[in-house]
Amino acid sequence: MPKKRLLLAHKLFSAMLSLFLHGRRPPPHYSGRSSTPPVVHRGAGPPTLDARTTTAALVVDVDTALLRSGDLFPYFMLVALEAGGFLRGLLLLLLCPLIRVLMPRGAAVRAMAAVSFCGLRAGRFRAGRAVLPKWLMEDVAAEAFEAVRAAGIRVVCVTALPRVMVDGFLREYLGVEAVVAREMKVVWGFYTGLMEELPEGGGEMVMKAVVAAPAPAAEEESDKAVVGFSGSMEFLNHPLARCCKEIFIVSSDEKSRWRALARDKYPKPIVFHDGRLAFRPTATDTAAMFAWLPLGVALGAARLAVALTVPYRYSTPILAATGMSWRLKGSRPALPGGGRGQLFVCNHRTLIDPVYVSVALDRQVRAVSYSLSRLSELISPIGRTVRLTRDRDSDGAVMARLLDRGNLVVVCPEGTTCREPYLLRFSPLFAELSDDVVPVGIAVETSMFYATTAGGLKCFDPLYYMVNPRMCYTVQFLDKVDTSAVRSRAGPSTDMANLVQRKMGEALGYGCTMLTRKDKYLMLAGNDGIVQSTSDKSASAAPPGAATAADTGRKNKST
């Protein structure tokens with residue numbers, strides 16, 4: 001009896017929740033291209049298609065066929081945390097057992113969407129382009145992707161995720177023809193958390209637009225079939241399934257053996273992404289993060305206190321014991337004994353790159369930066385940071401004076417941080433300031449949070465780094481590069497900057513790009529990354545790392 005009552009309560013709760021989420025309107029009916037039911041191949045692998053003779057288009061179920069995990073919770077959690085904050089993420093996590101156990105899949109998706117989106121400003125939502133593509137691409141199955149690409153036909157993707165979450169990724173990074181997904185309702189510029197239904201006949205209209213099919217009675221097109229590819233029998237209930245002549249349902253056993261798509265197989269490299277989380281937020285990992293946060297905040301405060309008050313030679317082993325370590329790859333360079341100082345050129349991973357260069361040298365350095373929050377400057381253990389104005393002549397004169405006074409100067413010619421294994425275009429200004437420079441390769445490993453942001457508050461960047469359970473900086477000093485040819489005007493500074501970038505890329509195993517700070521902020525934050533002041537003669541001046549008109553045509557070329 002108790003089991004029957006529990007089952008009855010479960011059915012009653014599901015019915016009431018479905019009525020609340022779906023309303024009284026029955027689900028729309030879609031008419032397919034043919035009244036003949038599709039041929040279903042159960043337990044099959046990815047379809048092998050002949051685009052020239054038999055297949056017009058491929059309909060791919062993103063959630064169960066293209067993605068290895070098939071779990072949509074992490075993507076809603078990314079939206080909740082990155083766009084809504086920790087409290088919204090905690091609410092979604094607390095509802096996770098209810099969503100997974102008591103709700104059918106459709107109702108669960110609606111409930112997660114309601115928690116993740118309700119109250120967010122639609123005009124400021126950029127997680128679909130700035131945050132999710134990295135995690136979606138890492139979840140793509142190599143076998144499914146290779147089968148889709150090998151088919152050489154037009155691809156239509158269907159997904160239970162809201163369109164605003166996946167449309168940019170599927171079109172921009174995978175190059176699909178169309179995306180069939182529901183929209184999030186917007187009222188007065190804010191998301192309501194409710195998902196709209198697909199329009200009546202929407203599936204057939206999409207297929208006709210993509211395949212450019214003539215009237216259904218045309219006999220010459222009868223041999224051109226639309227093929228479906230999914231990992232769940234639930235796909236048979238989707239409106240587009242009625243447009244398919246054949247449907248391949250991959251078996252769970254075969255899918256468990258699928259591999260992640262290798263980075264060098266990406267159709268388009270993911271150079272930029274935003275968000276604080278450095279891990280895929282499954283329910284278990286997200287619960288571990290919230291459990292760690294109170295201890296992490298206390299540990300981060302203790303780490304910061306040690307870094308600010310204890311000398312390097314003593315603070316390094318103390319911090320390493322707490323999980324905050326660093327390592328030197330190779331040997332330290334010979335430092336000048338007197339006279340003019342030394343210029344160190346390093347790639348830019350976080351705001352505290354100069355700190356670890358100073359630790360590795362066991363000498364105080366002077367860091368130059370275009371923008372730094374007051375909080376970051378106050379907690380810096382290497383002294384005052386020199387602020388630049390984005391005026392080329394003025395900034396060059398400032399750095400030249402520092403070198404003339406015998407300082408060890410650290411500059412990051414990329415002009416902004418990059419998390420992925422790529423180097424952005426190097427500003428050539430550094431090559432005009434010294435007869436030789438020391439390239440410094442920087443690599444950073446974090447376990448929970450990224451210490452950079454494009455759309456968030458930069459003043460918290462060092463604090464997020466301190467809160468990580470474990471992290472490690474790797475510093476590698478490369479051989480000096482003679483830049484005297486640039487100083488004597490025997491060679492262009494841009495060629496020297498590209499040479500240093502290539503040497504650093506080879507040492508780190510990173511790819512070299514012509515992308516710039518402006519490209520990063522236009523993609524991730526919708527602005528050029530420059531905060532205009534009231535005086536603002538420098539607002540219109542491009543920073544040394546910004547794109548120019550001549551660079552526009554070669555952004556995607558390697559140096």
Which heavy atom of [X] sits nearest to which heavy atom of [Y], and what is that distance?
{"X": "Leu240", "Y": "Cys244", "result": "O-SG, 3.4 Å"}
{"X": "Trp258", "Y": "Val250", "result": "CZ2-CG2, 3.5 Å"}
{"X": "Leu58", "Y": "Phe229", "result": "CD1-CB, 4.1 Å"}
{"X": "Val444", "Y": "Arg349", "result": "CG2-CB, 3.5 Å"}
{"X": "Leu92", "Y": "Ile99", "result": "CD1-CD1, 4.2 Å"}
{"X": "Phe190", "Y": "Gly119", "result": "CD2-O, 3.4 Å"}

Result of checking Met523, Glu82, Arg419 against Asp274 for side-chain contact (heavy atoms from CB on, under 4.5 Å)
Arg419

Sole residue of Leu81, Thr286, Asp285 in side-chain contact (heavy atoms from CB on, under 4.5 Å) with Leu277:
Leu81

Other residues, nucleotides, ligands: >12 heavy atoms within 6.0 Å of Arg263 CZ:
yes

So does Arg68 have more than 12 non-hydrogen atoms from other groups sitting under 6.0 Å from CZ?
yes

Strictly distance-based, threshold 3.5 Å: is any side-chain N or O of [X] a donor or acceptor partner for the main-chain N or O of [Y]?
{"X": "Arg303", "Y": "Met466", "answer": "yes"}
{"X": "Arg88", "Y": "Val115", "answer": "yes"}
{"X": "Thr192", "Y": "Val186", "answer": "no"}
{"X": "Arg129", "Y": "Phe169", "answer": "no"}
{"X": "Arg126", "Y": "Leu524", "answer": "yes"}

Below 4.5 Å, heavy atoms only, C-beta onward: do [X] and [Y] meet side chain to side chain?
{"X": "Met165", "Y": "Ser116", "value": "no"}
{"X": "Phe460", "Y": "Val467", "value": "no"}
{"X": "Leu132", "Y": "Val166", "value": "no"}
{"X": "Met137", "Y": "Lys268", "value": "no"}
{"X": "Glu414", "Y": "Tyr422", "value": "no"}
{"X": "Pro267", "Y": "Leu174", "value": "yes"}
{"X": "Val140", "Y": "Leu136", "value": "no"}
{"X": "Thr350", "Y": "Thr446", "value": "no"}

Quick one: pull up [atom1] in [X] and [atom2] in [Y] and give me the separation to the nearest 0.5 Å.
{"X": "His238", "Y": "Ser232", "atom1": "NE2", "atom2": "OG", "answer": "12.0 Å"}
{"X": "Met184", "Y": "Leu194", "atom1": "CE", "atom2": "CG", "answer": "7.0 Å"}
{"X": "Leu299", "Y": "Leu304", "atom1": "CG", "atom2": "CG", "answer": "11.0 Å"}
{"X": "Thr417", "Y": "Asp353", "atom1": "OG1", "atom2": "CG", "answer": "8.5 Å"}
{"X": "Glu146", "Y": "Leu261", "atom1": "CD", "atom2": "CG", "answer": "7.0 Å"}
{"X": "His41", "Y": "Glu246", "atom1": "NE2", "atom2": "CD", "answer": "3.5 Å"}

Looking at Arg280 and Asp139, does any basic side-chain N land under 4.0 Å from a carboxylate oxygen?
yes

Would Asp519 and Thr516 count as having a side-chain donor-acceptor pair, cut-off 3.5 Å?
yes

Pairing residues for [X] by the salt bridge (charged side-chain N to carboxylate O under 4.0 Å, His left out) criterion, not counting sequence neighbours:
{"X": "Lys185", "value": "none"}
{"X": "Arg276", "value": "Asp461"}
{"X": "Lys134", "value": "Glu138, Glu420"}

Please name all residues satisfying ring-ring contact (aromatic ring centres under 6.0 Å, His included) with [X], sequence neighbours left out, ordered by chain then number.
{"X": "His273", "answer": "Tyr450"}
{"X": "Tyr465", "answer": "Tyr473"}
{"X": "Phe449", "answer": "Tyr464"}
{"X": "Tyr510", "answer": "none"}

Please list, chain by chain and in numerical order, all residues satisfying side-chain hydrogen bond (donor to acceptor under 3.5 Å, both in side chains) with Asp61, sequence neighbours excluded.
Thr64, Ser230

Check: residues 155-163 side-chain donor-acceptor pairs under 3.5 Å, at least two apart:
| unit_1 | atom_1 | unit_2 | atom_2 | d |
| --- | --- | --- | --- | --- |
| Thr159 | OG1 | Asp63 | OD1 | 2.6 |
| Thr159 | OG1 | Leu161 | N | 3.1 |
| Arg163 | NE | Glu183 | OE2 | 2.8 |
| Arg163 | NH1 | Asp167 | OD1 | 3.1 |
| Arg163 | NH1 | Val179 | O | 3.1 |
| Arg163 | NH2 | Val179 | O | 2.7 |

With side chain to side chain contact (heavy atoms under 4.5 Å, CB included) as the criterion, how do Val271 and Cys418 come out once you've worked through the C-alpha distance, each side chain's angles and the decisive distance to 0.1 Å?
CA-CA 8 Å; Val271 180; Cys418 182; 4.1 Å; yes

Dump the intermediate steps for side chain to side chain contact (heavy atoms under 4.5 Å, CB included) on Glu143 and Arg257, then the final yes or no.
CA-CA 10 Å; Glu143 290 79 2; Arg257 296 190 295 268; over 6 Å; no

Begin from the C-alpha positions of Met103 and Met112 and carry the test side chain to side chain contact (heavy atoms under 4.5 Å, CB included) through to its verdict.
CA-CA 11 Å; Met103 293 186 184; Met112 290 188 290; over 6 Å; no

Which residue, His348, Lys520, Lys518, forms the side chain to side chain donor-acceptor pair (under 3.5 Å) with Thr416?
Lys520

Between Met471 and Met324, does the side chain to side chain contact (heavy atoms under 4.5 Å, CB included) criterion hold? Intermediate values first, please.
CA-CA 5 Å; Met471 55 283 210; Met324 186 176 174; 3.6 Å; yes

Give me each pair satisfying ring pair (Phe, Tyr, Trp, His ring centres under 6.0 Å) with a member in residues 112-166, each pair once, sequence neighbours excluded.
Phe117-Phe125, Phe117-Tyr191, Phe125-Tyr191

Identify, with sequence neighbours excluded, every residue that meets side-chain contact (heavy atoms from CB on, under 4.5 Å) alongside Ala262.
Asp264, Lys265

Applying side-chain contact (heavy atoms from CB on, under 4.5 Å), name anything that partners Asp71, two or more places apart in sequence or on another chain.
Ser69, Phe73, Pro74, Arg100

